[in-house]
Amino acid sequence: MDDQGRGPGPRPQSAEGPGGAGTADPLPYEGVWRFTAPAVDASVPQARHAVRDLLLRQGVPVSDDVVQGLLLIVSELVTNAVRHAALLSPMLAVEVAVGAEWIRVSVEDNHPYRPTALEADHGRTGGRGLLLVREITREAGGACDIEHTASGGKVIWVALPLKPALL
């Protein structure tokens, strides 16, 4: 699978590992899954349920806290794509990549606008989605970023460790 403009974020190692020695087989739950959905409100719960069902079906050894954070992140990222990118990007893509010790989820759309996490405005009722995503990611000991795709759109990705971070 090619990078498709996703940048340098964490990815599962192949069975050969980083050194190419070929000493370990991938774990049964490791892999990359991608699905597309229309940029409509109904896709938000569908994406969340699809990710949850994938984790269960693959037997990913992830804590309940990490799952809940990840599902909230998926909801926020898909909601942002639906609300802000649907006009120029009627379809969105969700990718889930699972490695031996981490999980990465990304949401991609074809809208060129690259959002920024703004400072919280307590007078507003919305607009805190990316702040929430960054906070959940930070508390879990993960990483997140927003990058342009080769096709001119963007992908927002979050990688979290399978085990919760010790504070």
Side-chain angles (χ1 to χ4, degrees), residues 1 3-13 17-18 27 29-35 37 39 41 43-56 58-85 89 92-109 111-149 153-167:
M1 171 186 245
D3 184 44
Q4 296 181 4
R6 282 182 191 70
R11 299 213 178 272
Q13 297 295 327
L27 296 168
Y29 58 83
E30 289 183 88
V32 178
W33 297 267
R34 183 176 174 91
F35 62 89
D41 288 337
S43 294
V44 176
Q46 290 172 354
R48 187 175 56 246
H49 294 296
V51 171
R52 181 200 62 208
D53 293 348
L54 172 68
L55 297 176
L56 290 171
Q58 293 304 121
V60 178
V62 62
S63 73
D64 288 340
D65 288 343
V66 172
V67 169
Q68 293 308 313
L70 186 68
L71 296 179
L72 182 54
I73 287 168
V74 168
S75 292
E76 290 294 335
L77 296 181
V78 173
T79 296
N80 281 353
V82 168
R83 287 189 181 157
H84 305 295
S89 183
L92 58 91
V94 176
E95 184 174 281
V96 179
V98 182
E101 297 177 0
W102 55 268
I103 182 166
R104 174 188 163 151
V105 64
S106 61
V107 175
E108 181 178 341
D109 64 58
H111 195 291
Y113 173 70
R114 182 179 168 139
T116 57
L118 303 174
E119 292 299 318
D121 178 350
H122 299 292
R124 293 178 54 190
T125 57
R128 295 188 189 107
L130 287 179
L131 286 172
L132 181 60
V133 167
R134 289 183 189 274
E135 185 63 21
I136 292 169
T137 302
R138 185 190 64 75
E139 286 182 7
C144 63
D145 203 358
I146 303 168
E147 300 169 354
H148 290 289
T149 64
K154 68 183 161 304
V155 62
I156 303 174
W157 61 264
V158 173
L160 302 177
L162 291 178
K163 296 181 178 149
L166 300 174
L167 298 178

Would you say CG of D53 has more than 12 non-hydrogen atoms from neighbouring residues, nucleotides or ligands within 6.0 angstrom? yes
Mind listing the closest non-hydrogen atom pair of [X] and [Y] along with its distance?
X	Y	answer
L162	W102	CG-N, 3.6 Å
T149	E108	CG2-OE2, 3.6 Å
A39	V82	C-CG2, 3.8 Å
A100	L27	CB-CD1, 3.8 Å
L160	T137	CD2-CA, 3.9 Å
A140	P161	O-CG, 3.0 Å

Distance (rounded to the nearest 0.5 Å) between [X] [atom1] and [Y] [atom2]:
X	Y	atom1	atom2	answer
E147	S106	CD	OG	9.5 Å
L70	I136	CG	CD1	9.5 Å
R134	D145	CZ	CG	7.0 Å
L55	L71	CG	CG	7.0 Å
D65	E139	CG	CD	10.5 Å
L130	I146	CG	CD1	5.0 Å

Please table the atom pairs, donor to acceptor, closer than 3.5 Å between any side-chain atom in residues 45-52 and protein atoms at least two apart or in another chain.
unit_1, atom_1, unit_2, atom_2, d
R48, NH1, S75, OG, 2.7
H49, ND1, R52, NH1, 3.1
H49, ND1, R52, NH2, 3.4

How would you list, by chain and number, every residue that makes a side chain to side chain donor-acceptor pair (under 3.5 Å) with E101, sequence neighbours excluded? none
Who are the side chain to side chain donor-acceptor pair (under 3.5 Å) partners of H84, not counting sequence neighbours?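 Scan of H84 (side chain to side chain donor-acceptor pair (under 3.5 Å), adjacent residues dropped) gives none.
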Quick one, V98 with Q58, criterion side chain to side chain contact (heavy atoms under 4.5 Å, CB included). Give me CA distance, side-chain angles, the key distance, then yes/no. CA-CA 10 Å; V98 182; Q58 293 304 121; over 6 Å; no
For V105 and V94, run side chain to side chain contact (heavy atoms under 4.5 Å, CB included): C-alpha distance rounded to whole Å, both residues' side-chain angles, the deciding distance at 0.1 Å, then the answer. CA-CA 7 Å; V105 64; V94 176; 4.2 Å; yes
Got a donor-acceptor contact below 3.5 angstrom from the Y113 side chain to the G153 backbone? no
If we ignore hydrogens and angles and just use 3.5 Å, is the side chain of K154 paired with the main-chain N or O of D109 as donor and acceptor?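 Not a single qualifying donor-acceptor pair exists.
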